[in-house]
There are 2 protein chains.
Amino acid sequence: MARAGLTAERLTRAGAELADEVGFDQVTVSAIARHFDVKVASLYSHVRNSHDLKTRIALLALEELADRCAAAIAGRAGKDALAAFADVYRDYAREHPGRYTAARLPLDPETAAASAGVRHARMTRALLRGYDLAEPEQTHAVRLLGSVFHGYVSLESAGGFSHSAPDSQESWARIVDALDALLRNWPTTP
Amino acid sequence: MARAGLTAERLTRAGAELADEVGFDQVTVSAIARHFDVKVASLYSHVRNSHDLKTRIALLALEELADRCAAAIAGRAGKDALAAFADVYRDYAREHPGRYTAARLPLDPETAAASAGVRHARMTRALLRGYDLAEPEQTHAVRLLGSVFHGYVSLESAGGFSHSAPDSQESWARIVDALDALLRNWPTTP
DNA sequence: GCATTTACCTAACACTTTTAGGCAAATATC
DNA sequence: GATATTTGCCTAAAAGTGTTAGGTAAATGC
């Protein structure tokens, strides 16, 4: 009987694609086994369990997202960089909704520390280099940016802004404008 | 054999409590049946299916959240109202993580239209009455606020801001400061 | 060509979701 | 208060997912 040539990587990729097609929570060990026309138990030689598989998909998504972010902010600064960074998030979530959901999977601390999540944190800080923010305000700003990007993208993909004027694209652009203005005029503590 | 006295409402409440204890995605028809010491099939007289049950929990959470928001902004305006509104979100998500997750469940359009989600939208707009924003900028601001609140709370509950200085509480306060400043100086289109 | 490793399989069990049909408790009717 | 009806919870069963244990055949190394 010919072998299917399974690998943890191939399973992860198939899982990521499946996630984008039918949603991350529909990604199941069984579904992937079906995809490779293989018995479910066979996957357990390559992946510890369902949670392990999902974690791998999450890590893949984080890497992809970080790569795109890095490419976007290279050679840009200030508002240009901010807008490019923001667009990467939104575009990625729209192109790869399942992967994006996967990227939000809570990881255990060691896994998170070894993930591309730390690159994200570094890049967000780098983004703020164009603005004049000392600690601890810089950290507050990092958290604000993360919240806005994730929050917007998550509400948008849940359908929150569709079927209502104005266009989501327009709001996105204006929100980036507003964030830029805010970062340039960050309020001092009262 | 004595009856358990099941109701859709009682199932929903039990589901909400269970969600807060073990997470919304661990809320299963079986788990609730166990809680009432009843056979699983019995629940299907009160609830159409698993999705129906989860939707009911989501609607409950949306109502609770809207009630709290309404109480928080009553008699307040400007930054006071903004801060109170923001705290409701954060506090609710911390007190009731499972319910909060439930509140983010994507609803089909008719269900959403009949839900407390519309109250939320109205209240967020009311919040902006203290600031001087004409359409379409007001809508952009509504979407920004929703994104920040949801994004922050969601990242925080995923553990994003724990174990790192400064304190999450401090960031939250400063972010509200920053949003207030931003709304008072909303940038004009370039 | 043989030994070893490895990949995939069968078998089995536990759990969740859902449907169909039955019996007894609660409620309504006389 | 006895009877009829409704309703609530039951048993039974099927289908799908997750996981483990142990077997066989294919690939790999010598």
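Residue numbering restarts at 1 for every chain, and letters A, B, ... go by the order of the sequence lines. Computed over heavy atoms, backbone and side chain alike; hydrogens, waters and symmetry mates excluded.
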Original post:
Run the side-chain hydrogen bond (donor to acceptor under 3.5 Å, both in side chains) check on Arg48(B) and Thr55(B) step by step: do they pass?
Top reply: CA-CA 11 Å; Arg48(B) 274 219 314 284; Thr55(B) 301; over 6 Å; no

Subject >> Test side-chain hydrogen bond (donor to acceptor under 3.5 Å, both in side chains) applied to Trp172(A) and Asp87(A), step by step >> reply: CA-CA 9 Å; Trp172(A) 184 247; Asp87(A) 282 342; 2.9 Å; yes

Original post:
Residues from residues 11-22 of chain B sitting under 4.0 Å of DNA chain D, heavy atoms only?
Top reply: none

**OP:** Please check the phosphate of dC8(C) (OP1 and OP2 only) for any side-chain N or O of His46(A) closer than 4.0 Å.
**Re:** yes

**OP:** Could you state the atom-to-atom distance from CG of Asp52(B) to P of dT16(C) in whole Å?
**Re:** 19 Å

Subject >> Asp25(A) CG - dG18(D) C1' separation (whole Å) >> reply: 16 Å

**OP:** Figure out the CG/P separation between Asp37(B) and dG8(D), and round it to whole Å.
**Re:** 19 Å

**OP:** Keeping the roles fixed (side chain from Arg174(B), backbone from Pro187(A)), state whether a donor-acceptor pair exists under 3.5 Å.
**Re:** yes

**OP:** Check for a donor-acceptor pair, side chain of Arg90(B) on one end and backbone N or O of Ala86(B) on the other, with a separation under 3.5 Å.
**Re:** no

Original post:
Does dT17(C) have OP1 or OP2 sitting under 4.0 Å from an N or O in the side chain of Ser30(B)?
Top reply: yes

Original post:
Under 3.5 Å, is there a donor-acceptor pair between the side chain of Ser115(A) and the main chain of Gly117(A)?
Top reply: yes

Subject >> Spacing between Lys39(B) atom NZ and dA13(D) atom P, to the nearest angstrom >> reply: 15 Å

**OP:** Classify the nucleic acid contact of Thr28(B) as base, sugar-phosphate or nothing, counting any heavy atom under 4.0 Å across all strands shown.
**Re:** sugar-phosphate

Original post:
To the nearest angstrom, how far is Phe36(A) atom CZ from dA7(C) atom C1'?
Top reply: 14 Å

**OP:** Examine dC9(C): is either OP1 or OP2 under 4.0 Å from a nitrogen or oxygen in the side chain of Ser42(A)? Give yes or no.
**Re:** yes

Tabulate protein N/O versus nucleotide N/O from nucleotides 19-22 of chain D, keeping only pairs under 3.5 Å, one per line.
unit_1, atom_1, unit_2, atom_2, d
dT19(D), OP2, Tyr44(A), OH, 2.9
dT19(D), OP2, Ser50(A), N, 2.7

Subject >> side-chain hydrogen bond (donor to acceptor under 3.5 Å, both in side chains) between Ser164(B) and Arg143(A), worked out >> reply: CA-CA 12 Å; Ser164(B) 66; Arg143(A) 291 173 175 176; 3.0 Å; yes

**OP:** Take atom CG of Leu43(B) and atom P of dC9(D), then tell me their distance rounded to the nearest Å.
**Re:** 9 Å

Subject >> Pair Tyr100(B) + His96(B): ring centers closer than 6.0 Å >> reply: no

**OP:** State which residues pass ring pair (Phe, Tyr, Trp, His ring centres under 6.0 Å) with His46(B); sequence neighbours excluded, sorted by chain then number.
**Re:** none

Original post:
For dC15(C), does either OP1 or OP2 sit under 4.0 Å from a side-chain N or O belonging to Arg34(B)?
Top reply: no

Original post:
According to the interplanar angle, ranging from 0 to 90°, do the rings of Tyr89(B) and His120(B) count as parallel (below 30°), tilted (30 to 60°) or perpendicular (above 60°)?
Top reply: perpendicular

